[in-house]
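Down below is the structure, laid out as structure tokens.
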Amino acid sequence: MASHDDKGVKRSNMDDNDQDSKRIKRAENGDAAPEKYNPYLAHLNEDGNGNGTNGDFESPLDAFERHKTTAVQAAQAEDSELNPWTGQPHSQRYFDILKVRRDLPVHKQRQEFLDMYHNTQILVFVGETGSGKTTQIPQYVLYDELPHTNGKLIACTQPRRVAAMSVAQRVANELDVELGQEVGYSIRFENRTGPKTMLKYMTDGQLLRESMHDHDMSRYSCIILDEAHERTLATDILMALLKQIAARRSDLKIIVMSATLDAQKFQSYFYNAPLLAVPGRTHPVEIFYTPEPERDYLEAAVRTVLQIHATEPEGDILLFLTGEEEIEDACRRISLEVDDMIRESDAGPMKVYPLYGTLPPAHQQRIFEKAPEPLRKGGRPGRKVIVSTNIAETSLTIDGIVYVVDPGFSKQKIYNPRSRVESLLVSPISKASAQQRAGRAGRTRPGKCFRLYTEKAFKKELIEQTYPEILRSNLANTVLELKKLGVEDLVHFDLMDPPAPETMMRALEELNYLACLDDDGELTRLGGLASEFPLDPALAVMLISSPEFYCSNEILSIVSLLSVPSIWVRPNNARKRADEMKMQFAHPDGDHLTLLNAYHAYKGAETNGDDMKRWCHEHFLSYRHLSSADNVRAQLKRIMETHDISLVSTPFQDKNYYTNIRRALLAGFFMQVAMRESSNSKVYKTVKDDQLVMIHPSTSVTSPYDWVVYNEFVLTTKQYVRTVTNIRPEWLLEIAPVYYDLDTFEKGEIKSALTRITDKVKRRQAIKGSGSAR
DNA sequence: GAGCACTGC
């Protein structure tokens with residue numbers, strides 16, 4: 001990100017300078033001059049991409065006054081022959097889309113929106129699905145902010161990349177401009193904006209990253225936070241930051257957009273900002289509850305789907321379950337039962353589709369296939385049922401769903417600051433989630449939602465909103481970001497839902513041990529550097545320290561591989577072969593080293609000119625995740641280069657090649673170390689936390705030493721440490737002397753083991769010393 | 001001898 005961000009900063013300065021000179025010129029000519037005072041339009045003549053447009057055109061916008069425009073004025077400009085932003089003739093498609101846009105619920109309230117926008121700095125906007133807020137509001141702002149007059153951009157954030165990309169494309173079409181020109185988007189790995197860009201869709205995390213180098217967000221005149229009700233970590237931090245920035249920058253406007261449920265909360269958080277609500281456009285959904293609680297929700301879910309198929313009219317079904325295994329199981333059971341139904345009672349055909357995030361994209365696409373035809377002419381209609389995780393609640397919308405089956409559970413991340421463990425737990429959903437799920441049935445016509453819990457449970461037991469991410473996460477990364485963002489006082493940083501003090505303390509403690517924060521809580525040089533990387537602090541510190549261990553190239557690869565989903569593919573019907581393939585890459589001393597071997601093999605085959613998709617398939621490796629790791633690696637490498645972190649390797653023939661890497665792992669992960677309970681035991685105890693753990697069975701470590709460093713702690717049926725590598729305990733005292741300071745170490749087996757080792761090392765050194773003296 | 005809800009930088 002460093003390189004293109006640098007460009008971004010330079011560019012915006014250029015624009016500003018450009019703008020200044022134009023502004024002066026404009027002042028000389030007086031306000032009426034319709035001359036080309038538009039820095040964006042000026043490029044049309046220069047860069048050769050302007051299709052020969054003449055920048056000297058009379059735009060209806062010339063008569064507009066910033067923050068004083070009306071809906072009528074804007075509509076007239078939109079109706080004109082020539083595009084007011086580019087001077088190009090409007091296409092027929094433009095007018096076709098314009099007609100549709102004017103039919104959106106939000107359109108009726110354009111003037112009302114402008115009146116409010118003109119009179120406030122912060123505005124809360126509430127619009128349900130189908131209101132058109134994501135595409136229209138930024139355009140209404142565009143016609144009022146007139147970015148060509150001050151060179152500042154309008155930003156609209158989204159929690160997900162796909163949304164930022166697809167909405168930007170849609171709005172570019174609506175404005176009849178080319179994507180990446182006047183309208184663009186910016187997401188990790190892809191910046192499709194240019195010197196002419198006025199409206200920029202971006203991920204919330206991307207705006208947060210940007211603001212680390214521009215604390216006032218000075219490039220923007222208006223920032224729109226969309227889908228704020230989702231309460232992502234990035235959105236929560238942005239809201240608190242924007243509250244502060246708004247006090248410093250009276251010229252910055254902020255719009256917070258949300259679905260209805262929590263609107264008042266946003267309003268009061270932003271000093272009782274005015275609120276505008278626009279109805280959505282959805283069909284009614286009838287809700288059914290079970291009279292009695294269900295003992296086995298999976299069984300009940302399968303039964304309900306079959307019952308819908310047998311008794312309800314045509315229409316597709318969406319069933320929400322919690323995870324891959326459960327979904328595959330349910331799909332099998334439904335398919336079997338439907339076969340029986342067809343044989344026994346002449347039911348229509350039903351196609352069953354699983355849907356979850358780790359499913360390859362090509363398989364995900366299958367859910368959009370049409371429902372099957374009746375088995376014979378005039379037979380009972382066919383339908384499809386999609387069995388999905390929460391991914392269908394927000395990320396993916398499927399048209400044609402008429403029936404939703406909601407057992408009321410989802411897997412949620414929870415964080416326990418005491419044990420410092422993040423884990424996934426099947427938990428009851430919130431009322432807001434239940435409503436969102438039900439809404440999925442009413443997108444194309446009136447639908448039905450079957451809740452597999454009682455109405456009483458819905459009212460009394462479900463919480464209103466899912467807890468925001470900030471309350472469910474390890475905040476080490478966030479605290480580091482905030483320090484870099486210049487937030488001095490974390491305790492009084494005005495977050496909408498402040499996390500537990502213990503979570504904050506844990507994060508500060510962790511960053512202090514990593515030497516990212518000093519004892520006064522101030523950002524150190526290392527901390528500043530670590531915050532430049534889009535990584536967890538431990539990974540960043542490991543990467544920054546790796547040149548000292550002569551293996552930064554290798555650690556860079558390992559860090560990238562640890563930053564993407566698992567590269568190992570293990571299909572249910574070929575587990576044994578997959579495990580055998582993995583053995584080819586296995587390094588006896590560590591899973592980190594095994595990952596590295598697989599990556600090197602991958603790069604080798606690539607250089608060989610092999611068909612990489614095929615190669616990966618043959619070797620049971622995920623092409624998707626390996627190429628994504630490659631992408632991450634390139635980004636991290638750029639950041640290392642900009643900060644003069646050298647890329648070095650120990651020669652592969654050197655006997656210390658792997659030892660150096662194993663030692664470097666400890667530079668970041670010295671807090672994630674476990675010691676074997678006794679020499680024959682399979683049980684390990686984690687350092688300082690004293691958790692009893694086993695090594696995850698997926699490991700390739702054949703003969704575990706008494707000490708291992710681990711990448712993650714997973715809590716499932718048992719407590720496991722996953723991705724482990726053998727280490728020598730004396731390295732700990734050498735590489736992390738503060739954390740392993742025996743004077744402050746709590747009494748126990750680990751302390752005594754470490755004490756024995758120190759003594760041994762001392763003795764050895766004494767012998768060596770006396771030996772050389774002789 | 002297990003199993004990755006979902007995002008994001």
Side-chain angles (χ1 to χ4, degrees), chain A residues 1-2 5 157-164 186-191 202-213 227 230-238 320-329 355-359 388-396 409-414 422-427 429 433 436 466 468-470 472-473 477-478 480-481 484-485 530-537 539-540 563-572 575-576 578-579 622 625 628 631-632 635-636 639 682 694-699 712 714-723:
Chain A
M1 76 150 286
D5 236 26
T157 68
Q158 298 293 321
R160 283 169 290 280
R161 288 186 207 158
V162 266
S186 175
I187 59 177
R188 188 183 185 183
F189 305 128
E190 201 182 357
N191 182 5
M202 62 204 302
T203 45
D204 47 11
Q206 185 75 23
L207 180 60
L208 195 58
R209 277 267 140 199
E210 262 188 23
S211 59
M212 294 194 350
H213 295 281
E227 315 289 359
E230 286 194 28
R231 303 291 308 277
T232 65
L233 243 168
T235 291
D236 268 16
I237 294 165
L238 283 172
F320 284 101
L321 291 176
T322 65
E324 174 176 345
E325 203 179 295
E326 201 176 81
I327 287 170
E328 294 290 357
D329 184 22
L355 176 64
Y356 42 86
T358 47
L359 205 63
S388 171
T389 61
N390 254 3
I391 194 170
E393 198 179 298
T394 47
S395 306
L396 261 166
F409 293 96
S410 72
K411 273 191 193 168
Q412 287 169 32
K413 184 176 75 181
I414 51 163
E422 274 183 353
S423 49
L424 283 174
L425 201 72
V426 174
S427 330
I429 60 171
S433 250
Q436 179 75 19
T466 310
E469 201 184 355
I470 199 165
R472 297 185 283 121
S473 311
N477 207 359
T478 304
L480 185 65
E481 271 172 5
K484 177 70 177 180
L485 284 160
S531 71
E532 296 286 334
F533 291 89
L535 293 170
D536 275 338
L539 284 168
S563 305
V564 297
S566 172
I567 61 166
W568 310 109
V569 176
R570 201 163 181 261
N572 277 334
R575 286 186 192 174
K576 214 172 147 218
D579 290 347
S622 159
H625 298 149
S628 142
N631 232 339
V632 173
Q635 187 192 26
L636 299 176
I639 301 174
K682 288 191 167 177
M694 311 248 293
I695 293 180
H696 197 274
S698 64
T699 189
E712 60 180 341
V714 285
L715 179 67
T716 51
T717 44
K718 292 193 189 101
Q719 300 199 105
Y720 290 106
V721 285
R722 191 158 51 191
T723 314

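Heavy atoms only: backbone and side chains are in, while hydrogens, waters and symmetry mates are out. A note on names: the letters A, B, ... follow the listed sequences, proteins ahead of strands, and every chain is numbered from 1.
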Return the value, rounded to whole Å, for the distance between atom [atom1] of [X] and atom [atom2] of [N].
X: A:L480; N: B:dC9; atom1: CG; atom2: P; result: 18 Å
X: A:K484; N: B:dC9; atom1: NZ; atom2: P; result: 19 Å
X: A:E230; N: B:dA5; atom1: CD; atom2: C1'; result: 14 Å
X: A:E328; N: B:dA5; atom1: CD; atom2: P; result: 11 Å
X: A:H213; N: B:dC9; atom1: NE2; atom2: P; result: 15 Å
X: A:E532; N: B:dC9; atom1: CD; atom2: P; result: 16 Å
X: A:R188; N: B:dT7; atom1: CZ; atom2: C1'; result: 13 Å
X: A:Q412; N: B:dT7; atom1: CD; atom2: P; result: 15 Å

Q: Establish whether the base of B:dC4 is bridged to the side chain of A:T358 by a donor-acceptor pair shorter than 3.5 Å.
A: no
Q) Could one point to a donor on the side chain of A:R575 or the base of B:dA2 with an acceptor on the other under 3.5 Å away? A) no
Q | Below 4.0 Å: OP1/OP2 of B:dG1 and any side-chain N or O of A:K682 | A | yes
(Q) When you measure from the side-chain N and O atoms of A:R570 to the phosphate of B:dA2, is any distance below 4.0 Å, counting only OP1 and OP2? (A) no
Nucleotide nearest [X] (side chain, heavy atoms from C-beta), chosen from [options]:
X: A:T203; options: B:dT7, B:dG1, B:dG8; answer: B:dG8
X: A:H696; options: B:dA2, B:dA5, B:dC9; answer: B:dA2
X: A:R161; options: B:dG1, B:dT7, B:dC9; answer: B:dC9

Q: Could you check A:S563 against A:L424 and say which one's nearest nucleotide on DNA chain B is further toward the 5' end?
A: A:L424
Q) Given that A:S566 and A:F533 both sit by DNA chain B, which one's nearest nucleotide is further toward the 5' end? A) A:S566
Q: Take A:R160 and A:E230 through the salt bridge (Lys or Arg N to Asp or Glu O under 4.0 Å) test and state the conclusion after the steps.
A: CA-CA 11 Å; A:R160 283 169 290 280; A:E230 286 194 28; 2.8 Å; yes
Q.
Heavy atoms only, 4.0 Å cut-off, all strands: where does A:E393 land among base, sugar-phosphate and nothing?
A. nothing
Q) Within the structure shown, what part of the strands sits under 4.0 Å from A:T389 by heavy-atom distance: base, sugar-phosphate, or nothing? A) sugar-phosphate
Q: Verify whether one side chain among A:R161 and A:Q206 offers a donor that lies under 3.5 Å from an acceptor in the other.
A: no
Q | salt_bridge(A:K484, A:E532) N-O dist < 4.0 Å | A | yes
Q: Answer yes or no: are there more than 12 heavy-atom neighbours, outside A:E712 itself, under 6.0 Å from its atom CD?
A: yes
